[in-house]
Amino acid sequence: MNSNRMKQSWKRIASVTVIAAAALLVLSVFPALRTDVRAQTTTDATKPAAETSEGAEHDRKVTVEVTRATSRTVTRGRTVAGRVAPARTVDIAFQVSGQVLRLEVDPGDKISEGDLIAELDPVDFELAVDRARAAFDLAKSELERAKSLAERGVAAEARFETASAEYAQAEVALREAERRLSQTQIIAPFDAIVARTFIEEYVNVTSAAPVARLQDVSEMRIMISLPEELAAVARSAPDAFDLVASFPAVPGYTAPLMLRSFATDADRTAQTYDVEFAIRGDVDSRLLPGMTARVRLSNAAAEASAQSAMVPVSAIDTSSRTEPSVWIYDEESGQVTRRTVRLGLPVDNEIVVLEGLQGDELVVSGGWWRLRDNQTVTVAGL
């Protein structure tokens, strides 16, 4: 009897244990299931709202400015900055030392070949010439006497040879003294403009110290630096370009140019080549060395004046692209599309489109950075 009761008790305990374990298992799983359901419900509820917002953004119209491209004849060329220079610039100086007695020029003076520029005090040099001449005369007399005695056999031949050598030395000394006297004056070696003077009257100067800077304006030059893409053509075929210079300081005056020299070593920083041109024809008297010049280089070929499409510079889209492009607006559909173009040189606020665009098309000139292909837009500017 007792044995049966104990068996029943153990069965009840085992049943309770199994039920309790099952309950714990359900409670541990249920929160996760409830969380998943709640998250799925939230996601499903918010997803349509996001899609609706994106669709609204996609359909929103952007307002842009459009401009009609024009087609006209444009001379393709380039303008580069230059500087007016004389044919040559010389710093002239005395070749002997002394005190400046006269300075006959001022900066800006025009002088002719042979004009006196400056003179040193010549007294010491004149005295040196007198001494050298006296020594020369004495050497000459001694030579004549030695020659006469040698011919008569009274004196030895060696005396005649010594007198001849002393005479030659005296002659050289006289010529040297006369030359130094002539160097007390600076004479203009060519027609020039005095750019500046470096000394004043009555100061002592040493030899080779510059006295005045002369500019040879018999031919005026224009110095420019050409980029390498133009330099190669300019050197190999200089006649391929028409070159005309204008000058901001001399309004109304333009001058045709011709090539004079071409430096073949490039500037290491700018990768440009120095080129020197001469002004052809009469030079305006207002033009001075050092003035700024604008040199227009244009293609001399007949096809250089072909019809070209022109658009505002602001219409060129260069964002994140290896090649420039423009946005074309279609009036019928109201949509825009991107088109790659090849550009020429800018002309004022416009730029030449060499390829990819025909005249009379509508291009977006403002607001293109907000566009995508086939987007519908509203326009301003028409």
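- Following chains of ILVMFWY side-chain contacts shorter than 4.5 Å, one cannot reach L214 starting from L288, and the two form parts of different hydrophobic clusters.
- E104 meets the side-chain contact (heavy atoms from CB on, under 4.5 Å) test with R102, L116; sequence neighbours excluded.
- By the side-chain contact (heavy atoms from CB on, under 4.5 Å) test, T378 pairs with K61, T63, sequence neighbours left out.
- The hydrophobic clustering, which links ILVMFWY residues whose side-chain heavy atoms are closer than 4.5 Å, places I117 and F190 together.
- Closest heavy-atom contact between A293 and V84: CB-CG2, 4.5 Å.
- Residue R294 forms a side chain to side chain contact (heavy atoms under 4.5 Å, CB included) with just one option from T254, V80, T79, and that option is T79.
- No donor-acceptor pair under 3.5 Å is formed between the side chain of R339 and the backbone N or O of L357.
- Every residue two or more places apart in sequence or in another chain was checked for a ring-ring contact (aromatic ring centres under 6.0 Å, His included) with F94, and none qualifies.
- With S365 contributing its side chain and S314 its backbone, the two residues share no donor-acceptor pair below 3.5 Å.
- Between P122 and T184, the shortest heavy-atom contact is CB-OG1, 4.4 Å.
- Residues D274 and S225 share a closest heavy-atom pair of OD1-OG, 2.9 Å.
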Cut-off 3.5 Å, no hydrogens considered: what does the side-chain donor-acceptor table look like for residues 139-149, sequence neighbours left out?
{"residue": "S141", "atom": "OG", "partner": "D137", "partner atom": "O", "Å": "3.2"}
{"residue": "E142", "atom": "OE1", "partner": "R145", "partner atom": "NH1", "Å": "3.4"}
{"residue": "E142", "atom": "OE2", "partner": "R145", "partner atom": "NH1", "Å": "3.0"}

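- D91 approaches P210 most closely through the heavy-atom pair CB-CB, 4.4 Å.
- Taken to the nearest 0.5 Å, the CG atom of D216 stands 8.5 Å off from the OG1 atom of T89.
- Separation of atoms OG1 (T272) and CG (L226) is listed at 8.5 Å; rounding is to 0.5 Å.
- Remark: R83 pairs with no residue by the salt bridge (Lys or Arg N to Asp or Glu O under 4.0 Å) rule, at least two apart or across chains.
- Smallest separation of non-hydrogen atoms from I92 and P189: CD1-CD, 3.9 Å.
- Taken together through direct or relayed side-chain contacts under 4.5 Å among Ile, Leu, Val, Met, Phe, Trp and Tyr, V313 and V311 form part of one hydrophobic cluster.
- Separating the CG atom in L257 from the CD1 atom in I224 is a distance of 8.0 Å, to the nearest 0.5 Å.
- We find the CD-OG distance between E113 and S218 to be 10.5 Å, quoted to the nearest 0.5 Å.
- Residues that satisfy the side-chain contact (heavy atoms from CB on, under 4.5 Å) test with A81, not counting sequence neighbours, are absent from this structure.
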Quiz item: Between Q271 and Y273, does a side chain to side chain contact (heavy atoms under 4.5 Å, CB included) hold up when you go through it step by step?
Solution: CA-CA 7 Å; Q271 196 60 29; Y273 293 83; 4.2 Å; yes
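- Evaluation of the salt bridge (Lys or Arg N to Asp or Glu O under 4.0 Å) rule for D106 yields no partner, not counting sequence neighbours.
- Interatomic distance, CE of M220 versus CD of Q215, reported as 7.5 Å (0.5 Å rounding).
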Quiz item: What do the steps show when you test E219 against I279 for side chain to side chain contact (heavy atoms under 4.5 Å, CB included), and what is the final call?
Solution: CA-CA 7 Å; E219 182 179 76; I279 295 178; over 6 Å; no
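- No donor-acceptor distance shorter than 3.5 angstrom exists from the side chain of D121 to the backbone of L101, with no hydrogens or angles considered.
- Taking 4.5 Å as the limit, every side-chain heavy atom of E65 sits out of range of all side-chain heavy atoms of T67.
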Hey, can you pull the donor-acceptor pairs under 3.5 Å for the side chains in residues 163-178, sequence neighbours left out?
{"residue": "S164", "atom": "OG", "partner": "F160", "partner atom": "O", "Å": "3.0"}
{"residue": "E178", "atom": "OE2", "partner": "R133", "partner atom": "NH2", "Å": "3.2"}

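- Listed by chain and residue number, Y253 satisfy the ring-ring contact (aromatic ring centres under 6.0 Å, His included) test with F247 (two or more places apart in sequence, or in another chain).
- The two atoms that bring W327 and V336 nearest to each other are CE3-CG2, 4.0 Å, heavy atoms only.
- Although no hydrogens or angles enter the test, the distance criterion places no donor-acceptor pair under 3.5 Å between the side chain of W368 and the main chain of V64.
- To the nearest 0.5 angstrom, S97 atom OG is 8.0 Å from R180 atom CZ.
- Considering only residues two or more places apart in sequence or on other chains, T337 meets the side-chain contact (heavy atoms from CB on, under 4.5 Å) condition with I328, D373, N374.
- Grouping Ile, Leu, Val, Met, Phe, Trp and Tyr residues whose side-chain heavy atoms lie under 4.5 Å apart, directly or via other members, leaves V244 alone, with no other cluster members.
- Residues F277 and M223 are members of separate hydrophobic clusters, defined by side-chain heavy-atom contacts under 4.5 angstrom among Ile, Leu, Val, Met, Phe, Trp and Tyr.
- Inter-residue side-chain proximity for I187 and D115 is flagged as unmet; no heavy-atom pair is nearer than 4.5 Å.
- Counting non-hydrogen atoms of other residues, nucleotides and ligands closer than 6.0 Å to CZ of R179 gives a total of 12 or fewer.
- Between R221 and E276 there is a salt bridge, since at least one side-chain N of the basic residue sits less than 4.0 Å from a carboxylate O of the acidic one.
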Output side-chain donor-acceptor pairs under 3.5 Å for residues 193-207, partner residues at least two apart or in another chain, one line each.
{"residue": "E201", "atom": "OE2", "partner": "L103", "partner atom": "N", "Å": "3.1"}

